[in-house]
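What follows is one structure encoded as structure tokens, with my remarks underneath.
Start at 1 and go down the list; that is how both ligands and their atoms are numbered. These figures come from a predicted structure and were not determined experimentally.
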Amino acid sequence: MIPAAFDYVRAATLDEALGLLAKHGGDAKVLAGGHSLIPAMKLRLSQPKVVVDIGRIGNLRSISERDGKIAIGALTTHHDIESSDLLARSCPLLPEVAGKIGDVQVRNKGTIGGSCVHADPASDWPAAMLALDAEFEIAGPGGSRTVPAKDFFVDILTSAVESGEILTAIHVPVTAKTVAYVKFAQKASGFAIAAVAAVVDKAQKGVAVGVTGVAAKAYRAAGVESSLRGVELSAATIATAAQKAADGVDPLSDIHASMEFRAHLACVQTKRALELAAGRG
Ligand SMILES: Cc1cc2nc3c(=O)[nH]c(=O)nc-3n(C[C@H](O)[C@H](O)[C@H](O)COP(=O)(O)OP(=O)(O)OC[C@H]3O[C@@H](n4cnc5c(N)ncnc54)[C@H](O)[C@@H]3O)c2cc1C
């Protein structure tokens, strides 16, 4: 439980952090809240020679709204999001998700950016990011680029952020109150065995459903969404559509849940999330 030896550098600005990453190449790792990187280093699953701490770059920790879009700095903690009045008003799915992450210590230190870059298949944020069609702003040596959520979560523990790059912000649209996040959690850690984020657009008669914990990466439940496109939501239409929540997916199997149980939970949680979202607002 003791990490391999490493050098620690604290960056004061984004440019300084990018310069340090360019200088040290693949030997360097970014440190944000440390709640995934430090455990990985202690287990020696990750052995960076240099740790670049971006945790005190103040302008990466913010929540703001402009022209129907909300920008969330990558260093914004789960607790910042859980307790944000702006988000409670303008994007209530995010505080709902944040409140279900880990425990108080994890929520106080862990950041939305670190969680998304880490891309743990059992983490909470990817379901919401997919359901909201979030956009990820990534800074690198050649400038900055934007990646849509559907391309951001690449594989197990792999996101679109490459070595030498830093995720700076996440952009989500202002949404109505007809949203919900439900989670079947692993009791000891709080990580998701199956969790679903639902966004219901009553005016357009459409739904967006993001599922995490079930497969190697979070996904949009396309079969559920197409079944409900243009359809009046009712207990019956939701129940039928929710049966498609694991269609085309290879569910994970581990000591916590078999493939079959995860697929079943995906359907059950999708039904619950859609019923809850449809009843709100
Ligand atoms: C006991 C415990 C319980 C937990 N329970 C849950 C849970 O229920 N649900 C859940 O979703 N998560 C859970 N977590 C994980 C937690 O949410 C972490 O905070 C999160 O996964 C990582 O965020 P961090 O800021 O700590 O990132 P770090 O650990 O600092 O970094 C994680 C990875 O992302 C990289 N990175 C970080 N920020 C950036 C950036 N801006 N740009 C580029 N790369 C970056 C790092 O180099 C590292 O590879 C739990 C963790 C613990 C220890």
Side-chain angles (χ1 to χ4, degrees), residues 1 3 6 8-11 14 17-18 20-21 24 26-43 45-57 59-62 72-82 94 96-129 136-141 144-145 147 152-153 156-170 181 183-195 197 210 212-213 218 256:
M1 292 301 278
F6 62 92
Y8 169 90
V9 198
R10 185 190 295 159
L14 179 62
L18 288 170
L20 286 162
L21 293 182
H24 296 289
D27 288 339
K29 270 271 184 198
V30 166
L31 176 76
H35 269 54
S36 292
L37 181 61
I38 302 293
M41 288 171 64
K42 285 181 162 185
L43 293 168
L45 297 171
S46 181
Q47 300 194 21
K49 294 202 170 72
V50 182
V51 168
V52 177
D53 186 352
I54 62 169
R56 312 246 178 129
I57 304 178
N59 57 351
L60 295 186
R61 184 174 178 179
S62 62
I72 303 168
L75 290 179
T76 306
T77 65
H78 309 317
H79 176 261
D80 292 338
I81 294 169
E82 183 185 7
L94 297 183
E96 188 173 354
V97 172
K100 291 185 172 145
I101 294 177
D103 52 32
V104 172
Q105 290 90 335
V106 172
R107 295 198 289 277
N108 277 338
K109 286 299 286 180
T111 66
I112 188 169
S115 177
C116 289
V117 174
H118 191 58
D120 189 312
S123 62
D124 292 279
W125 287 123
M129 296 295 110
F136 293 81
E137 201 176 317
I138 302 168
S144 112
R145 64 191 178 104
V147 177
F152 187 83
F153 303 102
I156 197 159
L157 299 178
T158 309
S159 72
V161 176
E162 290 174 5
S163 170
E165 292 187 320
I166 293 177
L167 175 66
T168 52
I170 298 169
Y181 184 64
K183 172 173 171 179
F184 187 89
Q186 201 271 323
K187 293 288 178 226
S189 68
F191 276 103
I193 292 176
T212 190
H256 304 303

Subject >> side-chain hydrogen bond (donor to acceptor under 3.5 Å, both in side chains) partners of Asn59, counting only residues at least two apart >> reply: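 Per chain and number, Asn59 pairs via side-chain hydrogen bond (donor to acceptor under 3.5 Å, both in side chains) with no residue.
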
Subject >> Gap separating the NE2 atom of His78 from the NE2 atom of His35, nearest 0.5 angstrom >> reply: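 If we round to the nearest 0.5 Å, His78:NE2 and His35:NE2 are 8.5 Å apart.
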
Subject >> Atom pair CD (Gln186) and NE2 (His256), whose distance is rounded to the nearest 0.5 Å >> reply: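 With rounding to 0.5 Å, CD (Gln186) is 4.0 Å from NE2 (His256).
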
Original post:
What pairs with Val30 under side chain to side chain contact (heavy atoms under 4.5 Å, CB included), at least two apart in sequence or on another chain?
Top reply: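 In terms of side chain to side chain contact (heavy atoms under 4.5 Å, CB included), with neighbours along the sequence ignored, Val30 is linked to Leu21, Ile54, Ile166.
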
Original post:
Taking only residues two or more places apart in sequence or in another chain, which ones pass salt bridge (Lys or Arg N to Asp or Glu O under 4.0 Å) with Asp120?
Top reply: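 Counting only residues at least two positions away or on another chain, Asp120 forms no salt bridge (Lys or Arg N to Asp or Glu O under 4.0 Å).
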
Pairs under 3.5 Å, nitrogen or oxygen of ligand 1 with protein nitrogen or oxygen:
residue: ligand 1; atom: 5 (N); partner: Ser189; partner atom: O; Å: 3.2
residue: ligand 1; atom: 8 (O); partner: Gly102; partner atom: N; Å: 2.9
residue: ligand 1; atom: 8 (O); partner: Lys183; partner atom: NZ; Å: 3.3
residue: ligand 1; atom: 8 (O); partner: Gly190; partner atom: O; Å: 2.9
residue: ligand 1; atom: 8 (O); partner: Phe191; partner atom: N; Å: 3.4
residue: ligand 1; atom: 9 (N); partner: Asp124; partner atom: OD2; Å: 2.6
residue: ligand 1; atom: 11 (O); partner: Asp124; partner atom: N; Å: 2.9
residue: ligand 1; atom: 11 (O); partner: Asp124; partner atom: OD2; Å: 3.2
residue: ligand 1; atom: 17 (O); partner: His78; partner atom: NE2; Å: 2.9
residue: ligand 1; atom: 21 (O); partner: Ser36; partner atom: OG; Å: 2.7
residue: ligand 1; atom: 23 (O); partner: Ser115; partner atom: N; Å: 3.3
residue: ligand 1; atom: 25 (O); partner: Gly33; partner atom: N; Å: 2.8
residue: ligand 1; atom: 25 (O); partner: Thr111; partner atom: N; Å: 2.9
residue: ligand 1; atom: 25 (O); partner: Thr111; partner atom: OG1; Å: 2.6
residue: ligand 1; atom: 26 (O); partner: Gly34; partner atom: N; Å: 3.1
residue: ligand 1; atom: 26 (O); partner: His35; partner atom: N; Å: 2.7
residue: ligand 1; atom: 29 (O); partner: Gly34; partner atom: N; Å: 3.4
residue: ligand 1; atom: 29 (O); partner: His35; partner atom: N; Å: 3.2
residue: ligand 1; atom: 29 (O); partner: Ser36; partner atom: N; Å: 2.8
residue: ligand 1; atom: 29 (O); partner: Leu37; partner atom: N; Å: 2.6
residue: ligand 1; atom: 30 (O); partner: Ala32; partner atom: N; Å: 2.8
residue: ligand 1; atom: 30 (O); partner: Gly33; partner atom: N; Å: 3.3
residue: ligand 1; atom: 30 (O); partner: Gly34; partner atom: N; Å: 2.8
residue: ligand 1; atom: 41 (N); partner: Leu167; partner atom: O; Å: 3.0
residue: ligand 1; atom: 42 (N); partner: Leu167; partner atom: N; Å: 2.9
residue: ligand 1; atom: 47 (O); partner: Val30; partner atom: N; Å: 3.4
residue: ligand 1; atom: 47 (O); partner: Val30; partner atom: O; Å: 2.5
residue: ligand 1; atom: 49 (O); partner: Lys29; partner atom: NZ; Å: 3.3

Original post:
Could you walk me through whether Asp124 and Lys100 pass the salt bridge (Lys or Arg N to Asp or Glu O under 4.0 Å) check?
Top reply: CA-CA 8 Å; Asp124 292 279; Lys100 291 185 172 145; over 6 Å; no

